[in-house]
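Order of the sequence lines fixes the chain letters, A, B, ..., with proteins taken first and strands second; residue numbering starts at 1 for each chain.
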There are 2 protein chains.
Amino acid sequence: MGVTETSHDACAPLPEPAVGEIRLEAVLHALADPVRLRIVSSLAGCTDEVNCLAFDVPVAKSTLTHHFRVLREAGVIRQVRRGTSRMNSLRSDDLAARFPGLLDSVVAGHRASRHPV
Amino acid sequence: MGVTETSHDACAPLPEPAVGEIRLEAVLHALADPVRLRIVSSLAGCTDEVNCLAFDVPVAKSTLTHHFRVLREAGVIRQVRRGTSRMNSLRSDDLAARFPGLLDSVVAGHRASRHPV
DNA sequence: ATCGTAGTTTGACAGGTCTCGTAGTACGAG
DNA sequence: CTCGTACTACGAGACCTGTCAAACTACGAT
């Protein structure tokens with residue numbers, strides 16, 4: 001019986017807004033937090049997926065869960081279940097399609113303000 | 001006595017951060033509110049200064065004062081006293097210098113999402 | 001089957017934000 | 001000087017947010 005694939009697809013991304021549903025205010029609000037900005041900046045750096053606990057932000061696990069949900073529900077990131085982990089990736093293409101240049105300028109601005117050592 | 005000009009210059013802008021002091025998170029937070037986003041979008045449209053009550057946002061006067069202060073303290077707008085009015089203008093150049101492309105993409109995104117009639 | 005790892009859920013708390021109405025200030029016009 | 005206009009200041013209330021700890025679930029490894 002091929003129930004495993006239909007009932008709960010282990011590789012399907014968690015609930016997220018469609019490209020056309022992404023709201024500007026939600027994205028700006030999601031990016032306006034230092035912890036989330038740092039996460040996004042990190043994600044923009046590496047090309048492939050990263051699990052949730054791989055970020056060196058000084059917050060508790062549950063707080064991290066909260067921030068990842070805000071980012072996902074705003075349409076900034078995508079989360080996919082992979083074993084016991086959640087792999088996160090930026091929705092760069094979707095964001096660029098809806099708000100061209102926004103993500104790039106934010107990430108660039110964040111890097112610049114964290115004055116390169 | 002020429003006290004009038006030195007003690008309180010009627011044309012000096014109200015307290016605002018210097019260009020180098022503008023923080024990305026503060027700007028994003030300032031833009032993440034529907035009322036303020038609308039104000040900024042309006043200001044981006046007309047080239048010259050606009051007084052505070054010239055915006056058709058559905059909020060009380062005191063609320064408007066609050067929003068203008070948030071925008072000014074974030075470094076998004078400049079306020080200058082002119083008679084009994086406060087003339088507001090976008091700090092487009094300063095923002096472009098510090099976070100290139102940010103303001104443009106936000107304003108463009110806001111206009112686009114308010115689906116053109 | 002047992003254990004450890006990764007993450008979620010819940011409840012709680014402190015603090016911030018948006019909103020308003022009312023009262024007050026500053027300025028120009030008459 | 002008096003009046004109206006434009007805006008600010010000061011609470012106060014409702015709501016939202018970021019944070020944590022503790023208990024829980026889901027999965028893989030042994």
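Residue B:Arg82 has no polar side-chain atom (N or O) positioned under 4.0 Å from OP1 or OP2 of C:dG28. Within the structure, every side-chain polar atom (N or O) of B:Arg81 is placed at least 4.0 Å from both OP1 and OP2 of D:dC7. Contact annotation: A:Arg86 side-chain N/O to C:dT8 OP1/OP2 distance is under 4.0 Å.
Atom CZ in B:Phe68 sits about 14 Å away from atom C1' in D:dT8, given to the nearest Å. Atom CD of B:Glu73 and atom P of C:dT17 are 11 Å apart (whole Å). For the pair B:His66 NE2 and C:dG16 C1', the interatomic distance rounds to 10 Å; values are reported in whole Å. For A:Glu25 and D:dC16, the CD to P distance is 15 Å, given to the nearest whole Å. Between the CG atom of B:Leu31 and the P atom of C:dT17 there is a distance of 15 Å, rounded to whole Å. Rounded to whole Å, atom P of C:dC27 lies 17 Å from atom CG of B:Asn51. If you measure from atom NZ of B:Lys61 to atom C1' of D:dT5, you get 8 Å, rounded to the nearest angstrom. Rounding to whole angstrom units, CG of residue A:Leu28 and C1' of D:dT17 are separated by 17 Å.
B:Val70 and B:Val107 are assigned to two separate hydrophobic clusters, defined by single-linkage of ILVMFWY side chains at heavy-atom distances under 4.5 Å. Hydrophobic clustering, with ILVMFWY side chains joined whenever heavy atoms are under 4.5 angstrom apart, groups A:Leu24 together with B:Val57.
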What verdict does the side chain to side chain contact (heavy atoms under 4.5 Å, CB included) test give for B:Leu95 and B:Ile22, after you've listed the backbone C-alpha separation in whole Å, the side-chain angles of each residue and the deciding distance to 0.1 Å? CA-CA 8 Å; B:Leu95 285 172; B:Ile22 301 180; 4.3 Å; yes

Working note: A:Arg86 + A:Arg81, criterion side chain to side chain contact (heavy atoms under 4.5 Å, CB included); need CA distance, chi angles, decisive distance, verdict. CA-CA 5 Å; A:Arg86 292 268 159 100; A:Arg81 306 187 46 163; 3.7 Å; yes

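Which of C:dC18, C:dT8, D:dG18 sits closest to the side chain of A:Arg36 comes down to D:dG18.
Counting heavy atoms of neighbouring residues, nucleotides and ligands inside a 6.0 Å radius, atom CZ of B:Arg69 does not exceed 12 of them.
Nearest-nucleotide positions on DNA chain D place B:Arg69 closer to the 5' end than the other of A:Ser62 and B:Arg69. If A:Thr84 and A:Val35 are placed on DNA chain D by their nearest nucleotide, the residue sitting closer to the 5' end is A:Val35.
Using a 4.0 Å heavy-atom criterion, one finds that A:Val59 contacts the sugar-phosphate atoms exclusively. Contact annotation for A:His67: backbone-only contact, meaning every heavy-atom pair under 4.0 Å involves sugar-phosphate atoms and none involves a base.
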